[in-house]
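Below is one structure, written out as structure tokens; the observations come after it.
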Amino acid sequence: MMDNLRAASNNVVLKIILALIILSFILTGVGNYLVGGSGDYAAKVNGQEIGRAQLEQAVQNQRNRLQQQLGDQFSELAGSDGYMQQLRQESLSNLIDVTLLDQYSKKLGITVSDQQIKDAIFATPQFQTDGRFDNAKYLQSIQSMGYSADNFAQLMKQQLISQQLEQAYGQSDFVLPVESKSLAELLLQVREVQTATLDTDALAAKQQVTDAELQAFYDQNKNSFISPEQVKVSYIEMDAAAMQGKTEVTDADISAYYDQHKSEFGQPERRRYSVIVLKSQADADAVAAELKKGTDFAELAKTKSTDALSAKQGGDLGWMEPETTLPEFKNANLTAKGQVSGVIKSDSGFFILRLDDVTPEQVKPLAAVRNTITDKLKQEKSLDAYYALQQKVSEAATNDNESLTSAEEVAGTKAVHTDWFTQNQIPAGINFKPVVQAIFDGGLIGQDGAPGSNSDIITVDGDRAFVVRVEAHKAEGVKPFAEVKDQVTTLVKRQKAQDQARMDGEKLLTALKDGKGDEAMKAAGLSFGAVQKVQRSQQPSAFESNIYALPHPQKDQPVYGLTQDNKGNSVLVKLNTVTPGVVPEADIARFNQEMQQTSSNVTFDALLTNLRQEAKIKYGSAAQNQ
């Protein structure tokens with residue numbers, strides 16, 4: 001097998017063929033294999049079982065990841081049997097690939113230790129905070145992706161093994177100049193085509209359907225007609241901000257608050273001191289004597305004080321408010337500007353203090369702060385009333401659990417009643433996560449659609465609270481046929497139209513290939529349109545891929561094909577010319593580098609394809625379960 005693999009990896013044409021095979025395989029999954037098998041397992045790979053539980057877990061993990069990525073859009077996809085079957089097939093295909101790689105890595109002696117797995121997890125930036133592994137972030141991240149710690153560790157092991165295999169078979173690849181030129185001609189080629197479209201919508205309008213056909217389609221696709229869970233609720237909202245506008249504040253309230261909080265509306269008395277700090281009683285006495293003789297306080301502070309910081313300022317300590325004034329300063333009882341204290345003993349030594357200046361207390365007049373006080377009192381009173389109202393409404397809703405009537409009387413307002421809504425269409429007035437959770441967690445829902453219980457107080461951000469009651473409930477279920485008959489009719493007509501378009505297209509294609517196309521196209525009322533230039537994109541559409549699958553025209557004779565566009569219309573294609581691609585001189589080096597990387601990837605993919613071809617894969621009944 002390895003000789004064949006190496007030969008394939010060094011031949012450009014075979015690489016492209018392998019790439020196309022792999023792409024086709026990825027798109028189709030294992031649909032062709034999901035037949036037969038009688039064991040209660042998903043698949044056996046060379047005798048190694050992939051169990052039902054393993055497949056179900058893989059499917060569930062994939063559902064969880066898609067739910068995280070797509071949100072509400074995934075709910076629509078999940079209603080399609082075809083889509084969910086495809087998801088199941090892809091999950092099983094991935095499990096088979098992982099099993100094959102695991103088996104092959106063991107043959108090569110490639111192993112991954114628990115420590116390597118741990119190191120890889122620790123090194124993942126997604127699981128780090130400030131460059132260090134964060135266990136809480138790690139657990140939260142993998143849980144949001146639908147993994148347990150054990151499952152994620154197993155996934156990391158598989159990825160590490162795949163990386164080692166890819167390095168083993170990829171790093172030795174190289175691309176020759178002739179290969180690069182051939183690949184450029186293939187990848188960058190331009191195809192000129194003309195198309196003629198068989199309009200499915202026009203054909204659908206002409207389709208006839210029977211009630212039996214509609215009923216059969218409905219029975220086979222009931223999961224596509226799911227009615228989501230719905231509720232009707234009534235609720236009472238309590239809003240502290242709204243209550244503030246209704247709160248009254250009296251002049252007496254304002255005056256009382258002003259008198260009790262004057263310090264908030266001005267500046268308290270401030271005093272400015274200077275100080276001379278000394279080590280001993282003797283030094284302090286000597287300085288005190290100098291001051292009595294009239295020696296300048298500032299000069300003595302500069303020359304005698306042991307506090308270097310204040311000494312530089314002539315002893316000046318700056319302005320002090322009562323809260324920042326030392327007790328020793330207050331106890332000196334200096335009252336007049338320029339007054340000097342005697343020697344004061346403190347824990348840090350001895351000092352002499354001078355009162356340099358006093359600024360009396362300054363308070364803004366009531367008129368200047370009246371609006372500020374009014375707003376503050378309204379806020380405080382409204383919050384008090386808000387919490388008191390919450391308590392009263394809670395008690396009323398609990399004591400009378402059959403309706404919100406008592407709660408309405410206490411709240412002084414009528415409850416709001418909603419129409420039917422789903423969890424994806426919440427009315428704006430109650431679109432808050434705590435409220436939505438309370439409504440849909442089941443605790444407030446009655447039996448068989450009957451009204452449920454009153455909720456307790458539900459608080460949300462912004463000082464708001466709700467009491468909610470579920471008035472009616474419809475469980476999730478399949479919509480009755482009568483309700484969706486028009487929708488089913490549209491789907492069946494379109495399906496029949498697509499089938500007719502495909503059959504008509506195949507007949508026209510046969511006529512074109514037989515040289516009888518002009519007459520057939522005219523009879524069908526079709527003609528080929530203007531010439532389009534098609535070039536291969538990085539992620540080609542099915543339409544583009546089908547055009548590139550057509551063989552080259554020979555002797556100026558066009559080649560015809562049949563494909564579909566993104567609207568589901570059948571499209572006849574007339575391929576006129578194929579122009580080989582050319583890489584500009586300035587881009588050749590970068591192109592060669594990219595081709596070498598692509599070659600490495602193809603080699604690894606070719607390994608996986610060959611492993612599948614040589615493996616004994618048996619599919620069990622669990623693979624077919626929906």
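Count residues from 1 along the sequence.
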key: Derivation and outcome, side-chain hydrogen bond (donor to acceptor under 3.5 Å, both in side chains), residues Thr250 and Asp253   = CA-CA 5 Å; Thr250 66; Asp253 293 332; 2.9 Å; yes
How close do [X] and [Y] get, counting heavy atoms only, and between which atoms?
| X | Y | answer |
| --- | --- | --- |
| Ile439 | Val231 | CG2-CG2, 3.9 Å |
| Ser280 | Phe350 | C-CD1, 3.5 Å |
| Ser255 | Leu366 | OG-CD2, 4.0 Å |
| Ser394 | Ile457 | CB-CG1, 3.6 Å |
| Ala396 | Val410 | CB-CG2, 3.8 Å |
| Ile426 | Thr422 | CD1-O, 3.3 Å |

task = Might you work through the side-chain contact (heavy atoms from CB on, under 4.5 Å) test for Lys414 and Glu408, ending with a clear yes or no?
result = CA-CA 5 Å; Lys414 289 293 184 181; Glu408 286 177 323; 3.9 Å; yes
task = Quick one: do Leu300 and Phe297 satisfy side-chain contact (heavy atoms from CB on, under 4.5 Å)? Show the steps, please.
result = CA-CA 5 Å; Leu300 286 172; Phe297 190 97; 6.0 Å; no
Indicate whether any N or O donor in one side chain lies under 3.5 Å from an N or O acceptor in the other, for [X] and [Y].
| X | Y | answer |
| --- | --- | --- |
| Ser227 | Lys474 | no |
| Asp456 | Thr398 | no |
| Tyr386 | Gln390 | yes |
| Asn94 | Ser91 | no |
| Gln60 | Glu56 | no |

task = Go through the steps to decide whether Val343 and Gln281 satisfy the test side-chain contact (heavy atoms from CB on, under 4.5 Å), and finish with yes or no.
result = CA-CA 8 Å; Val343 176; Gln281 180 74 53; 3.7 Å; yes
Just by distance, do the side chain of [X] and the backbone of [Y] share a donor-acceptor pair under 3.5 Å?
| X | Y | result |
| --- | --- | --- |
| Asn454 | Asp400 | yes |
| Asp357 | Lys337 | no |
| Asn333 | Asn331 | yes |
| Thr295 | Leu291 | no |
| Thr324 | Met320 | no |
| Asp259 | Ala256 | no |
| Ser310 | Leu317 | no |
| Gln128 | Phe122 | yes |
| Arg88 | Leu55 | no |

With a cut-off of 6.0 Å (strictly less than), are more than 12 heavy atoms of other residues, nucleotides or ligands near [atom1] of [X]?
| X | atom1 | answer |
| --- | --- | --- |
| Lys381 | NZ | yes |
| Gln115 | CD | yes |
| Lys392 | NZ | no |
| Lys312 | NZ | no |
| Gln116 | CD | yes |
| Asp114 | CG | no |

task = Please work out whether the ring planes of Phe421 and Phe440 are parallel, tilted or perpendicular, with thresholds of 30° and 60°.
result =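 Perpendicular, since the angle between the ring planes exceeds 60°.
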task = Check the angle between the aromatic planes of Phe432 and Phe466 and answer parallel, tilted or perpendicular using the 30° and 60° thresholds.
result =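 If you compare the ring of Phe432 with that of Phe466, the planes turn out tilted.
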query = Mind checking whether Phe127 and Phe152 have ring centres under 6.0 Å apart?
reply =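 Yes - the distance between ring centres of Phe127 and Phe152 falls below the 6.0 Å cut-off.
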query = Less than 4.0 Å between a side-chain N and a carboxylate O, is that true for Lys106 and Asp102?
reply =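 Yes, this pair counts.
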query = Hey, are Arg272 and Asp316 close enough for a salt bridge, meaning a charged N less than 4.0 Å from a carboxylate O?
reply =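 Counted as a salt bridge, because a side-chain N and a carboxylate O are separated by less than 4.0 Å.
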Spacing of [atom1] belonging to [X] relative to [atom2] belonging to [Y], to within rounding of 0.5 Å:
| X | Y | atom1 | atom2 | result |
| --- | --- | --- | --- | --- |
| Arg370 | Ile254 | CZ | CD1 | 4.0 Å |
| Lys279 | Ser305 | NZ | OG | 11.5 Å |
| Thr129 | Asp134 | OG1 | CG | 3.5 Å |
| Asp307 | Gln313 | CG | CD | 10.5 Å |
| Lys232 | Asp419 | NZ | CG | 5.5 Å |
| Leu326 | Leu353 | CG | CG | 9.5 Å |

So [Y] and [X], do their side chains get closer than 4.5 Å, heavy atoms only?
| X | Y | answer |
| --- | --- | --- |
| Arg469 | Pro451 | yes |
| Tyr257 | Val369 | no |
| Tyr387 | Asp463 | yes |
| Tyr235 | Val435 | no |
| Arg271 | Leu355 | yes |
| Ile352 | Ser341 | yes |

request  = Decide side-chain contact (heavy atoms from CB on, under 4.5 Å) for Met238 and Val467; before the verdict, give the C-alpha distance in whole Å, the side-chain angles of both, and the deciding distance to 0.1 Å.
outcome  = CA-CA 9 Å; Met238 291 158 278; Val467 171; 4.1 Å; yes
request  = Report the C-alpha distance between Arg354 and Asp356 in whole Å, list the side-chain angles of each, state the deciding distance to 0.1 Å, and finish with yes or no for salt bridge (Lys or Arg N to Asp or Glu O under 4.0 Å).
outcome  = CA-CA 6 Å; Arg354 184 180 70 181; Asp356 294 330; 2.7 Å; yes
